[in-house]
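As structure tokens, the structure follows; a few thoughts come after it.
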Amino acid sequence: MASVRRRGTTATALLTLLLAAAGCGPVAERQPAHLRVGYDSLDGPVAVWPPRGGLARDGAATAGISRAVRDWRSPVDDRAHLPSSGILWSGLAGGAPLALVAADVPGESASWLLQLGRDGDRWRVDHATEYTDPGYLVYSDVLPVRAGDGRRYLLSARVQRLLGPDGRELPRTDGLTEPVAVPACRAVQLTATLRATRSLPRGRAADRVLDLGTGIEDPRYPLVRDETGSGRRALAGLDTCALAGEKGPFGSIPRRIGDRSAPRSAPDSWPMAKIAVRSLGEVALGGGAPGDLEQLTWESASDTMTSVVYRPADGGPPVFSPADRSTTLQAYHLPVPGQPLAVLSWRTNRDASFAAPPGTQRLVERPGLVVVPQPERKQTFSLAGTDKTWYRSVGGR
């Protein structure tokens with residue numbers, strides 16, 4: 001499975017070739033102290049992010065926005081590189097000044113979507129969300145905008161229309177949609193229709209993306225690609241704010257930038273694409289009715305991640321484990337109230353042999369799945385194949 005990191009790099013290379021073929025690049029005579037207005041990216045003859053908004057041609061607004069972005073710092077104190085960043089939209093939205101900037105932060109190999117407002121004549125960065133794919137943010141076609149009256153979306157020039165969570169087309173002005181009601185902590189699907197361009201000769205009728213909800217906190221980027229619609233099914237009924245927390249699947253693996261820990265940056269386990277779910281079967285816990293045990297998988301910027309979710313039979317809140325990087329033998333801590341569990345799973349193979357420490361109580365044992373009480377001390381389990389053995393330790397602190 002190709003990682004998001006490789007896909008981002010491929011997209012970057014493709015758009016670079018398109019730019020080179022069109023003879024388009026950064027404007028040489030532009031003053032480096034000011035951001036460019038729009039973004040110098042072409043898909044054939046189509047300017048993907050042209051200057052838009054009522055203040056796009058206002059020199060004073062551009063200077064003020066540039067000043068605010070120049071003063072902004074990322075959670076690890078890196079700054080935006082102004083010559084390779086750009087103002088995607090600037091104007092009035094709902095009667096209030098708004099600017100959206102795609103900020104390139106080379107030290108983090110990331111792009112940031114900065115949302116700015118204004119106090120009097122001074123612009124300020126109100127929200128900053130991190131797009132951790134090293135491919136540029138501007139290769140997306142739908143960007144999220146926080147609004148006091150709901151969620152808005154900024155659309156690239158490739159988007160012909162965008163359907164909201166209710167399946168209706170969202171009206172837009174100069175690329176910015178009207179507000180739409182999006183739940184705080186529930187995932188909803190958006191569907192864009194993309195016009196035919198050089199990179200998409202036939203266009204795309206259904207380019208799907210999930211909005212994880214307006215309650216997702218900065219710097220976590222709330223939009224996730226959902227090409228097949230599997231993510232919508234996988235997250236049905238799940239609290240995305242809980243999933244995004246430090247103990248939740250999407251937020252549980254902290255990010256490191258070089259040799260530095262970056263706890264205030266987007267987690268390494270943050271999803272970017274291909275959220276999916278598969279059933280591990282029914283499991284009866286504590287003598288109650290069997291509930292459903294599922295395995296979530298998704299692509300982050302660096303790896304394929306997995307987690308398990310237990311949905312109780314009585315309709316109580318689902319319980320989920322922290323993330324585990326995808327490997328042959330998966331190990332999860334499932335914090336079921338009153339009965340914390342360790343779940344070990346693997347793809348069934350008749351040549352594989354699972355082994356647990358002597359005396360281990362196996363609450364569930366079936367091909368590809370073993371559930372045991374969470375050990376108080378660290379214990380090691382193994383899965384032996386024909387030419388390799390995998391080990392995983394669970395329990396303890």
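Position 1 is the first residue of the sequence, and the numbers go up from there. The model shown is predicted, which means the values in this text are computed figures rather than measured ones.
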Open item on the list: Test of understanding: with ring-ring contact (aromatic ring centres under 6.0 Å, His included), list the residues that count as partners of Tyr131, not counting sequence neighbours.
Closed with: Tyr221
Taking [X] for its side chain and [Y] for its backbone only, find out whether a donor-acceptor pair lies under 3.5 Å.
X	Y	value
Asp58	Ala61	yes
Thr327	Gln330	no
Ser353	Ala384	no

TODO: Verify whether the ring centers belonging to Trp346 and Trp390 lie closer than 6.0 Å.
DONE: no
- [ ] Please determine which of Gln189, Arg208, Arg232 meets the side-chain hydrogen bond (donor to acceptor under 3.5 Å, both in side chains) test together with Asp226.
- [x] Gln189
State, to 0.1 Å, how close [X] and [Y] come at their nearest heavy-atom pair, and which atoms those are.
X	Y	result
Thr240	Ile216	O-CD1, 3.8 Å
Tyr332	Pro322	CD2-O, 4.2 Å
Val145	Leu154	CG2-N, 4.1 Å
Leu280	Arg366	O-NH1, 3.1 Å
Ala157	Ala47	CB-O, 3.3 Å

Charged N to carboxylate O under 4.0 angstrom, [X] versus [Y]?
X	Y	value
Asp268	Arg325	yes
Arg158	Asp141	yes
Arg67	Asp71	no
Glu294	Arg311	yes
Asp211	Arg151	yes
Asp126	Arg124	yes
Arg392	Asp324	yes

Open item on the list: When you group the ILVMFWY residues by side-chain heavy-atom contacts below 4.5 Å and let the links chain together, are Leu155 and Val188 in the same group?
Closed with: yes
Can you tell if the side chain of [X] reaches within under 4.5 Å of the side chain of [Y], non-hydrogen atoms only?
X	Y	value
Leu334	Pro340	no
Leu212	Leu235	yes
Asp207	Arg225	yes
Trp112	Val101	no

Task: Of all pairs that satisfy disulfide bond (SG atoms under 2.5 Å apart), the ones with a partner from residues 213-253, not counting sequence neighbours - done: Cys185-Cys241
Do [X] and [Y] have side-chain atoms, one donor and one acceptor, less than 3.5 Å apart?
X	Y	value
Asp104	Ser111	no
Thr306	Thr297	no
Thr193	Gln160	no

Open item on the list: Consider side-chain contact (heavy atoms from CB on, under 4.5 Å). Of Val308, Leu296, Leu243, which one does Phe320 pass it with?
Closed with: Leu243
